[in-house]
Amino acid sequence: MNPAVKPLAGMRQLYPDAMAVEEGIAAVIRRVALSYGFEEYDGPVIEPLELFLAKSGSELVMEQSYRFTDRGGREVVLRPEMTPTLARMIAGAPDTPMPARWMSFPVCFRYERPQRGRVREFRQFNCDILGSDSLAADAEVIAVLDGIMRGLGAPPGSYSIRYSSRRLASEVLTSLGLESVMHQQALAIIDRKSKLPADEWRAWASERLGGAAEAVERFSCCSSLDDGWLAERAAPGGELERLREFGGLLGAAGVASASFDAGIARGLDYYTGIVFELLDTGGQNRRAICGGGRYDNLVGIFGGKPVPGVGFGLGMLTLRLFLETLGLRVSGRSGRPDVFMAVFSPAELPWAVEAAEAIRSRGLSVLASLECGKLSKQFREASRRGASFTAVAGPEEASERSITLKDMSGGGQMRLPLEKALEFLETRLGGSL
RNA sequence: GUGGGAGUAGUUCAGUUGGUAGAGCCCUUGACUGUGGAUCAAGUGGUCGCCGGUUCGAGUCCGGUCUCCCACCCCA
């Protein structure tokens with residue numbers, strides 16, 4: 001391909017087939033989220049740099065964002081994530097009835113090397129509950145997530161939702177004698193546990209954490225809330241207790257795919273409580289498909305009263321790849337017209353246009369031929385487009401205000417006055433739009 | 001930023017020890033000038049990523065460069 005016409009690396013460019021799949025997935029997601037009462041919103045793609053500097057995490061902003069100076073001399077970025085924008089919008093609309101359940105499908109940008117499931121321009125589904133610090137809110141967003149996966153046909157066991165809590169981690173780290181200023185760093189070290197070779201990780205961890213490294217490792221391996229070691233170090237009546245309650249709520253919501261995993265930490269700095277990820281349990285997409293958590297201090301930094309929040313981002317591309325590896329097909333709109341309108345010669349074009357409009361007025365889709373070539377070509381086109389019927393407007397049809405209808409699935413064909421043809425099509429195809 | 005792989009027709013790819021380029025799919029046309037799918041036949045289409053070197057001769061060998069893919073870092 002001519003280099004001049006290639007899209008930039010990692011930019012989102014969806015041909016109709018891929019778009020139909022993506023929209024089919026989005027339709028399932030919307031349906032599930034709507035059933036929980038979520039409302040859709042949107043925000044700016046370009047944001048001031050400061051919006052993300054405050055809380056997103058320095059690497060995401062400093063090294064992975066599309067940053068530039070606009071014509072007015074402002075430092076701006078193409079949003080690398082949606083949550084800070086959401087927090088600002090909530091802070092700016094204090095009359096919003098709380099708790100608010102808001103969802104969005106933002107296109108976001110991160111400047112990193114493209115690879116499987118990771119590109120520079122990507123679309124996410126974001127789903128957040130604001131204004132509630134109830135555990136029920138944390139459980140509900142995970143129930144939405146699980147409902148989406150089930151709605152898309154992902155079988156039990158094909159994915160797992162892992163959750164932990166930063167508050168629990170803080171309790172344990174405190175009992176291990178780590179100052180709270182060290183907690184953020186310890187979380188980053190925990191986050192890397194599964195990504196480095198064991199030896200390398202240990203060396204690195206003990207360099208940063210000293211004697212506590214071994215205990216931190218022990219903590220990150222906890223995968224049960226009933227772990228005795230964990231119970232001894234967590235604050236009595238504290239976060240561990242809440243996590244047990246949380247697990248109970250998830251069970252009540254019918255979420256079977258979620259489990260505790262102290263090794264989940266997440267990279268964003270603004271998370272304050274529960275954090276979670278959705279992972280493909282198969283081998284081919286060893287990467288988070290979704291990540292989220294609770295952020296109780298984010299809205300407050302934009303002024304006004306503090307508003308707690310919890311939510312997640314779900315990558316549409318990574319979700320599509322996941323469904324593909326499972327062999328799941330999500331049907332979007334088919335793009336198949338009900339009727340293909342063939343035109344014999346230019347003289348019949350007005351009649352063809354009029355008849356096509358009449359068919360459309362009955363709620364059916366009509367793909368009108370724009371060429372008046374050979375009928376064999378037009379029938380071929382109708383077949384290729386997957387039309388259910390082909391209508392022919394020829395001289396005889398035009399003179400008597402009729403059309404010839406052929407059933408493309410192999411039925412016969414007949415010439416009918418337009419009104420009769422409309423009735424016929426309506427009974428055969430009615431309600432397809 | 002680090003490491004590996006690959007660049008040949010619109011697309012997916014083949015191309016032998018160096019001898020001026022091939023297939024499938026797609027597209028166009030044709031097998032009853034008012035009838036599609038399947039089959040068949042023919043045809044269009046390539047600066048072999050780019051630059052340089054070796055050679056009588058380079059898609060092929062060597063060097064450089066660019067791009068893409070995969071993996072790492074990080075993350076959706």
Side-chain angles (χ1 to χ4, degrees), chain A residues 1-12 15 56-65 79-83 104-127 145 188 191-192 194-197 200 204 264-268 276-280 284-292 311-322 340 342-345 348 369 372-398 403-415:
Chain A
M1 195 187 290
N2 181 341
V5 299
K6 284 200 318 194
L8 290 173
M11 292 297 114
R12 194 173 115 95
Y15 285 84
S56 288
S58 62
E59 174 160 16
L60 183 62
V61 181
M62 301 313 288
E63 289 165 43
Q64 293 192 337
S65 63
R79 64 181 172 206
E81 59 152 342
M82 190 61 162
T83 309
S104 192
F105 288 89
V107 169
C108 301
F109 297 81
R110 290 183 195 174
Y111 195 88
E112 54 189 335
R113 286 282 274 270
Q115 57 192 289
R116 181 177 168 81
R118 288 297 179 270
V119 290
R120 288 176 173 175
E121 178 187 11
F122 59 96
R123 191 171 170 222
Q124 286 186 330
F125 170 64
N126 267 246
C127 175
L145 177 60
D191 192 41
R192 283 216 177 150
S194 60
K195 292 159 185 164
L196 286 178
E200 217 171 296
W204 183 63
I264 299 294
R266 306 297 306 156
L268 298 172
F276 56 92
E277 295 180 350
L278 186 145
L279 299 165
D280 178 0
Q284 294 171 69
N285 304 291
R286 280 248 162 267
R287 221 184 281 271
I289 295 171
C290 167
F312 63 84
L314 175 64
M316 295 297 287
L317 168 63
T318 166
L319 181 57
R320 219 164 74 217
L321 290 172
F322 170 71
F340 183 92
V343 192
F344 186 75
S345 72
E348 288 79 40
S369 177
C372 306
K374 291 185 168 184
L375 280 183
S376 66
K377 273 175 75 171
Q378 296 190 54
F379 270 92
R380 194 158 153 251
E381 182 67 5
S383 180
R384 191 159 49 184
R385 299 287 182 177
S388 302
F389 286 86
T390 297
V392 179
E396 294 165 23
E397 287 88 346
I403 55 175
T404 295
L405 276 178
K406 176 168 179 171
D407 184 340
M408 297 302 281
S409 63
Q413 72 176 46
M414 56 193 148
R415 193 193 300 171

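Keep in mind that what you see is a predicted model, and the values were worked out from it rather than measured. Chain letters run A, B, ... following the sequence lines, proteins first and then strands; every chain starts at 1.
For the pair A:R120 and A:F109, the NZ or CZ position fails the cation-pi test of under 6.0 Å to the six-membered ring centre and within 45 degrees of the ring normal.
Note on A:R123: nothing from the nucleic acid sits closer than 4.0 angstrom, heavy atoms only. Within the 4.0 angstrom heavy-atom criterion, only backbone atoms of the sugar-phosphate kind lie near A:D191; the bases stay farther away. Residue A:E121 is classed as having no contact, given no heavy-atom separation below 4.0 Å to the nucleic acid. Contact annotation for A:A342: no contact, since no heavy-atom pair falls under 4.0 Å across all strands. Here A:E396 lies in heavy-atom contact (under 4.0 Å) with a base.
Out of B:C72, B:U35, B:G34, the shortest distance to the side chain of A:R287 is found at B:C72. Considering only side-chain atoms of A:R113, the nucleotide from B:C68, B:C70, B:U33 that sits closest is B:C70. Among the nucleotides B:U33, B:G36, B:G34, the one closest to the side chain of A:K374 is B:U33. Closest approach to the A:R380 side chain among B:C73, B:G36, B:G30 is made by B:G36 (side chain taken as heavy atoms from C-beta onward). Taking every side-chain heavy atom of A:P114 into account, B:C69 is the closest of B:C69, B:G36, B:G34.
Rounded to a whole angstrom, the distance from the C1' atom of B:C25 to that of B:A14 is 15 Å. Across the P atoms, B:G37 and B:C26 are found 12 Å apart, a figure rounded to whole Å. Comparing the P positions of B:C62 and B:U54 gives a spacing of 16 Å, expressed to the nearest Å. Between B:G49 and B:A38, the distance separating the two P atoms is 34 Å to the nearest Å. B:C61 and B:G4 have their C1' atoms separated by 22 Å, with the value rounded to a whole Å. When the P atom is used for both B:C48 and B:U8, the distance is 11 Å, rounded to whole Å. Separating the P atom of B:G24 from that of B:U44 is a span of 14 Å, rounded to the nearest Å. Comparing the same atom, C1', in B:A21 and in B:U60 gives a spacing of 12 Å after rounding to whole Å.
B:U33 is unpaired under the criterion used here, namely a Watson-Crick or G-U wobble arrangement in which both key atom distances are under 3.5 Å. The partner of B:G19 is B:C56, by the rule that a Watson-Crick or G-U pair needs both atom distances under 3.5 Å. Using Watson-Crick or G-U wobble geometry with both donor-acceptor distances under 3.5 Å, B:A6 finds its partner in B:U67. The nucleotide B:C72 finds its pairing partner in B:G1, both defining distances of the Watson-Crick or G-U wobble pair being shorter than 3.5 Å. In a base pair of the Watson-Crick type (N1 to N3 plus N6-O4 or O6-N4) or a G-U wobble (N1-O2 and O6-N3), with each distance short of 3.5 Å, B:A42 is matched with B:U28. Base pairing analysis places B:A14 opposite nothing; no Watson-Crick or G-U wobble pair with both distances below 3.5 Å involves it.
Between A:K377 and B:U29, a side-chain N or O to OP1/OP2 separation shorter than 4.0 Å is present. Neither OP1 nor OP2 of B:U35 sits under 4.0 Å from any side-chain N or O of A:Q413. Distances shown here put every side-chain N or O of A:R116 at or beyond 4.0 Å from the OP1 or OP2 atom of B:C68.
Ring planes of A:F125 and A:F105: tilted class, angle from 30 to 60°.
Side-chain N or O atoms of A:E348 include none that pairs as donor or acceptor with a backbone N or O of A:A398 at under 3.5 Å.
In this structure the side chain of A:F344 reaches within 4.5 angstrom of the side chain of A:L375, judged on heavy atoms.
Between the C1' atom of B:G37 and the CZ atom of A:F340 lies a distance of 14 Å, rounded to the nearest Å. If you take CZ of A:F389 and C1' of B:G36, they are 15 Å apart, rounded to a whole angstrom. Note: CG (A:L321) to P (B:A71) measures 10 Å, nearest angstrom. A straight line from CZ of A:R120 to C1' of B:C69 spans 13 Å, rounded to a whole angstrom. Following rounding to the nearest Å, A:R384 (CZ) and B:U28 (C1') show an atom-to-atom distance of 10 Å. The distance between atom CD of A:E112 and atom C1' of B:C73, rounded to the nearest whole Å, is 9 Å. Regarding A:E381, its CD atom lies at a distance of 12 Å from the C1' atom of B:C27, rounded to whole Å. Rounded to whole angstrom, the span from the CE atom of A:M11 across to the C1' atom of B:U67 amounts to 15 Å.
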Evaluate the side chain to side chain contact (heavy atoms under 4.5 Å, CB included) criterion for residues A:T318 and A:R287: first the C-alpha distance (whole Å), next the side-chain angles of each, then the deciding distance (0.1 Å), finally the verdict.
CA-CA 9 Å; A:T318 166; A:R287 221 184 281 271; 5.7 Å; no

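Comparing A:F122 and A:A9, the nucleotide of RNA chain B nearest to each residue sits closer to the 5' end for A:A9. Residue whose closest nucleotide on RNA chain B sits further toward the 5' end, between A:G10 and A:V119: A:G10.
In terms of heavy atoms, A:V119 sits closest to A:G10 at CB-O, 3.5 Å.
A salt bridge links A:R385 and A:E381; the closest N-O separation between the charged side-chain nitrogens and carboxylate oxygens is under 4.0 Å.
Each of A:F389, A:F340, A:F379 was evaluated against A:K406; a single residue qualifies, A:F379, per the side-chain contact (heavy atoms from CB on, under 4.5 Å) test.
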